[in-house]
Amino acid sequence: MAGRSELVSYDYRKLRARILAESDVCILCGHAGADAVDHIHPVAKGGAKLDPDNLAPIHGVAGCPTCLRKCNSEKGARSLAEVQQLITSVDWFAGP
């Protein structure tokens, strides 16, 4: 991934840990257990690389354990407005 060296930098890893410590609720599907962070406004479209306001929790390669979506792969380099977000009133997997 040319030009994406910030993803392995110490500053990025520290920022990622801080964001995931604050919340693990995926910005795309709304379920807990997010294990990655993603840019809300894609870097490819001018988004800031290391701005904490431009990063949010999202399910990574393993996908969401609740709805089984591959959230980060599905979002790709699109903005949130361009992606179908999951809207549910009840988390059916949570139980009573």
Side-chain angles (χ1 to χ4, degrees):
M1 289 197 290
R4 300 299 302 254
S5 62
E6 82 279 358
L7 295 179
V8 294
S9 72
Y10 176 73
D11 291 333
Y12 175 79
R13 289 182 288 138
K14 202 163 87 172
L15 184 58
R16 176 185 175 275
R18 188 181 91 202
I19 290 170
L20 289 174
E22 290 172 3
S23 174
D24 72 340
V25 176
C26 179
I27 194 170
L28 192 63
C29 73
H31 294 124
D35 58 351
V37 296
D38 193 29
H39 296 93
I40 297 168
H41 185 72
V43 174
K45 295 183 179 179
K49 292 180 182 180
L50 295 176
D51 180 8
D53 294 331
N54 192 35
L55 292 169
I58 196 165
H59 291 107
V61 176
C64 177
T66 305
C67 67
L68 306 178
R69 271 177 105 170
K70 303 288 186 186
C71 299
N72 198 14
S73 297
E74 190 175 314
K75 181 179 174 292
R78 299 180 294 171
S79 66
L80 285 177
E82 298 173 288
V83 181
Q84 176 77 32
Q85 291 182 310
L86 183 64
I87 299 172
T88 59
S89 58
V90 177
D91 186 353
W92 296 103
F93 293 95

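Worth saying up front: this structure is predicted, and the values here are computed from it rather than measured.
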Distance check, rounded to the nearest 0.5 Å: Leu50 atom CG versus Asp11 atom CG? 6.5 Å
Would you give the length of the straight line joining atom CG of Asp38 to atom NZ of Lys75, rounded to the nearest 0.5 angstrom? 4.0 Å
Which residues share a side chain to side chain donor-acceptor pair (under 3.5 Å) with Ser23, sequence neighbours left out: none
Which atom names give the shortest non-hydrogen contact between [X] and [Y], and what distance separates them?
| X | Y | result |
| --- | --- | --- |
| Lys49 | His39 | O-NE2, 2.8 Å |
| Asp35 | Ala62 | OD2-CB, 4.4 Å |
| Lys45 | Arg78 | NZ-CA, 4.2 Å |
| Cys67 | Cys64 | N-SG, 3.4 Å |

Does some side-chain heavy atom of Val61 sit less than 4.5 Å from a side-chain heavy atom of Asn72? no
Selection residues 21-31 - residue pairs positive for salt bridge (Lys or Arg N to Asp or Glu O under 4.0 Å), sequence neighbours left out: Arg18-Glu22
Side chain to side chain contact (heavy atoms under 4.5 Å, CB included) involving Ser79 - partner list, sequence neighbours excluded: Pro42, Ala81, Glu82
Starting from Ile27, can I reach Val83 by hopping between I/L/V/M/F/W/Y residues whose side chains sit under 4.5 Å apart? yes
Taking only distance into account, with no hydrogens and no angle test, what donor-acceptor pairs under 3.5 Å do side-chain atoms of residues 51-59 form with protein atoms, sequence neighbours excluded?
from	atom 1	to	atom 2	distance (Å)
Asp51	OD1	Asp53	N	3.1
Asn54	OD1	Ile40	N	3.4
Asn54	OD1	His41	N	2.8
Asn54	ND2	His41	O	3.1
Asn54	ND2	Ala48	O	2.9
His59	NE2	Ala32	O	3.2

